[in-house]
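This one's a predicted model, so the numbers in the text were calculated from it and none came from an experiment. Residue numbers begin at 1 in each chain, while the letters A, B, ... track the order of the sequences.
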Number of protein chains: 2
Amino acid sequence: MSVTEIKWSETEEKIARSAFDKAYRRETTALIEEIRQYSSAIATLDDTWRLHDFLSSRRHDIDGKYDYNYPVLLFVFARLVQEKWLDLSELEGLDRDKLAKIASLAVM
Amino acid sequence: MSVTEIKWSETEEKIARSAFDKAYRRETTALIEEIRQYSSAIATLDDTWRLHDFLSSRRHDIDGKYDYNYPVLLFVFARLVQEKWLDLSELEGLDRDKLAKIASLAVM
């Protein structure tokens, strides 16, 4: 069975949704804090356009990353674990096979 | 003679350059201040993307507006006067015909 065909139980769906939302909150909170800090130090128009470039890149990144769709969810979680927005332990309750797949994708 | 073929004396070029730089500094200083204030109040990701949209628009606008080329300079000054980044009095020393053209373009 390919990872995109994996079934999710109702309990797993709840765990997944909660972990996904947690990572999203963490990353967006960190991003907002980073923007506030950077903005308070802006002194030139070049700094301003650097902020713009940074936001363009983060928007593209975040829009693409937080895709709550079961066929791709293992990849999403692997990336969130890899980037440390989520700890593997926060996915406890998913079946062993899913956790193993996420763990091995996360180190790729 | 069309406005794009108008000749500029050396004195006029100095006045023009100084006025252009003044308007640029005013607008960029105001923009930086606006971004700092907005950024300090960012609370959500939507606010963040609104800042991004705002910067995209301002960058496009400023990149297009500050074009220091004599064939288009009367139009540039007219816009800067219209948007109040420059006062017509700061262009004193340009010949009467140029000032009249800028003044009438500025109210269009």
Side-chain angles (χ1 to χ4, degrees), chain A residues 16-69 72-73 75-87 90, chain B residues 16-69 72-73 75-87 90:
Chain A
R17 185 77 242 185
S18 160
F20 181 93
D21 291 345
K22 207 177 279 180
Y24 182 81
R25 273 198 307 275
R26 279 181 194 141
E27 184 163 7
T28 56
T29 303
L31 173 64
I32 289 169
E33 186 50 36
E34 198 173 352
I35 291 163
R36 279 192 191 151
Q37 286 196 6
Y38 182 88
S39 302
S40 67
I42 285 177
T44 68
L45 202 61
D46 278 350
D47 295 340
T48 309
W49 300 159
R50 262 191 289 277
L51 172 63
H52 178 243
D53 289 338
F54 172 74
L55 286 172
S56 299
S57 155
R58 302 299 290 118
R59 191 175 195 169
H60 179 79
D61 183 52
I62 287 178
D63 279 353
K65 194 194 309 188
Y66 287 92
D67 180 13
Y68 195 83
N69 278 305
V72 296
L73 212 46
F75 297 102
V76 173
F77 282 140
R79 185 167 168 199
L80 294 175
V81 168
Q82 192 175 47
E83 296 178 357
K84 303 198 187 308
W85 297 115
L86 201 62
D87 191 89
E90 295 172 301
Chain B
R17 184 78 242 186
S18 160
F20 182 93
D21 291 346
K22 209 177 279 180
Y24 182 81
R25 272 198 306 275
R26 278 179 194 141
E27 182 161 8
T28 56
T29 303
L31 173 63
I32 289 169
E33 187 49 38
E34 197 174 353
I35 291 163
R36 280 193 191 149
Q37 286 194 8
Y38 182 88
S39 302
S40 68
I42 286 177
T44 67
L45 202 61
D46 278 349
D47 295 339
T48 309
W49 300 157
R50 260 191 290 275
L51 171 63
H52 179 243
D53 290 339
F54 173 73
L55 286 171
S56 299
S57 155
R58 301 300 289 116
R59 190 175 196 168
H60 179 78
D61 183 52
I62 287 179
D63 280 353
K65 193 194 309 185
Y66 286 92
D67 181 13
Y68 194 82
N69 279 304
V72 295
L73 214 46
F75 297 103
V76 173
F77 283 141
R79 185 167 168 198
L80 293 175
V81 168
Q82 192 175 47
E83 295 177 357
K84 303 198 188 309
W85 298 116
L86 202 61
D87 191 89
E90 294 172 301

(request) Please answer whether the main-chain N or O of A:Ile42 pairs with a side-chain N or O of B:Arg36 as donor and acceptor at a distance below 3.5 Å. (result)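 Looks like yes, one N/O pair under 3.5 Å.
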Open item on the list: Among B:Leu55, B:Ile62, B:Leu51, B:Thr44, which residue has the highest count of heavy-atom pairs closer than 4.5 Å to chain A?
Closed with: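 Of the candidates given, the most pairs with chain A belong to B:Leu55.
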Winner by heavy-atom pair count (cut-off under 4.5 Å) against chain A, out of B:Ile32, B:Thr28, B:Thr29 =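 It is B:Ile32.
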message = Do B:Tyr66 and A:Leu45 have side chains that approach each other closer than 4.5 Å (heavy atoms only, starting at C-beta)?
response =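 The answer is no, as the side chains (C-beta and beyond) never meet within the 4.5 Å cut-off.
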Query raised in the report: Does some side-chain heavy atom of B:Asp53 sit less than 4.5 Å from a side-chain heavy atom of A:Arg59?
Result: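 Sidechains of B:Asp53 and A:Arg59: in contact.
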Q.
What part of B:Tyr24 gets within 4.5 angstrom of chain A, counting heavy atoms only: side chain, backbone, both, or neither?
A.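 The side chain, not the backbone.
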### Message
Return the CZ to NE2 distance between B:Phe54 and A:His52, rounded to the nearest 0.5 Å.
### Response
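The NE2 atom of A:His52 is 11.0 Å from CZ of B:Phe54, to the nearest 0.5 Å.
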